[in-house]
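Shown next, in structure tokens, is the structure this report addresses.
Here the structure is a predicted model, which is why all the values come from computation and not from measurement.
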Amino acid sequence: MAATRYSAPGHAAAYAAAAARAHAEVPYYRERDARAGAPDTAAPLPADRLARHYHELFPLAAPWRGESDPPAWLPDGADLAAALALTGRHRPGTPVFELRPALLDLRLPRGSYRVLLTAAADVDPTAPDPRPPQRAAFAATRPATLLGPPDDLARLAGAVDTAGALVLPVLPLAAARADPGRPALLYDEHLGWAGAWSAECGRAHLSWRALFAGGTPEGLLLTRLHRRRPTLVDVRPDGTAGLGVAACPRHGTPVVGPAGQCPPNT
């Protein structure tokens, strides 16, 4: 996880460019600016408003197309690969299995991705249960990387031998208040794969190539730097009050943690 390619000024410039595009091209931000009488760059977009304003977050030149567009908030395979790399433990090309309540067609830059349906999955009661063969495929695949919420990982471990697999809990951004004591992934339902705890330093690293984060007393503000459909600038995820952003002392790249332990990343 080399820091030589990271530049704090360059990262800030990428955020400024994303924000400028949003205020120039995206109805939600343009209308907010019109009401304020000037570019309103200080107001966050709380996550609980995203569903209501979803159709307004697309550029005027590439508007939301309704049902012809992909479903909202689909995870991205490149983002997952970047988060896995941040752990310092996943080897590119290793098969990835994720515990989820629904199937997902996701492609990684290297290696395969498969879903292991959880107990909460809505399966057809008139058809064979797909979960036993999915678990058998996981048990027969080594090496493998297994992802999922901690409770689902614990249930699977009670039914399938996970020895020989890299097991990575998937945690929300709010969990960055504490070190989970092992590599783990950060995920947000709207922003996607946001980063990971590194095995090298134990800190929650931001996927800085995809995201920019700033800390405020009310919570983190995150921006998707390159995604434009939808455009997400200064989104405030739920439960992030008290978190801040700093530079990792070891790697030099952005990490998220308690604000008192994260002086501003300048």
query: Does any non-hydrogen side-chain atom of H53 lie less than 4.5 Å from one of Y28?
result: yes
task: Quick one: do T253 and H205 satisfy side-chain contact (heavy atoms from CB on, under 4.5 Å)? Show the steps, please.
output: CA-CA 7 Å; T253 53; H205 277 257; 3.1 Å; yes
message: Could you tell me if the side chain of V123 sits less than 4.5 Å from the side chain of R131, heavy atoms only?
response: yes
message: Side chains of Y187 and D79 only: does a donor on one sit below 3.5 Å from an acceptor on the other?
response: no
message: Between T240 and V256, is there a side-chain heavy-atom distance shorter than 4.5 Å?
response: no
- prompt: With a 4.5 Å heavy-atom cut-off, do L171 and P150 have their side chains touching?
  reply: yes
message: Does R229, at its CZ atom, have more than 12 non-hydrogen atoms belonging to other residues, nucleotides or ligands within less than 6.0 Å?
response: yes
query: Does V170 share a hydrophobic cluster with L117, counting links as ILVMFWY side-chain heavy atoms below 4.5 Å and allowing steps through other members?
result: yes
- prompt: Hey, what do you get for OG (S198) to CZ (R89), rounding to the nearest 0.5 Å?
  reply: 8.0 Å
field: Exceeds 12 heavy-atom contacts within 6.0 angstrom, atom CZ of R91
entry: no
field: Whether W64 and H55 hold their rings parallel, tilted or perpendicular, with breakpoints at 30° and 60°
entry: tilted
message: For W197 and L86: C-alpha separation, side-chain torsions, deciding distance, then whether side-chain contact (heavy atoms from CB on, under 4.5 Å) applies.
response: CA-CA 7 Å; W197 278 267; L86 289 172; over 6 Å; no
- prompt: Is the shortest heavy-atom distance from the side chain of L191 to the side chain of L211 under 4.5 Å?
  reply: yes
query: Under 4.5 Å between any side-chain heavy atoms of C248 and P254, yes or no?
result: no
Flag if over 12 foreign heavy atoms under 6.0 Å of CZ, R65: yes
- request: Would you give the length of the straight line joining atom CZ of R30 to atom NE2 of H23, rounded to the nearest 0.5 angstrom?
  value: 11.5 Å
message: Just by distance, no angles: are the side chains of H90 and T145 close enough, under 3.5 Å, to form a donor-acceptor pair?
response: yes
message: If you count every heavy atom of other residues, nucleotides or ligands that lies below 6.0 Å from D122 atom CG, does the total exceed 12?
response: no
4.5 Å side-chain heavy-atom contact, L221 and F212: no
message: Would you compute the distance between atom OG of S112 and atom CG of L106 and round it to the nearest 0.5 angstrom?
response: 11.0 Å
- prompt: Side chains of V96 and L147: does their closest heavy-atom pair fall under 4.5 Å?
  reply: yes
- prompt: If you round to the nearest 0.5 Å, how far is CG of L166 from CZ of R182?
  reply: 8.5 Å
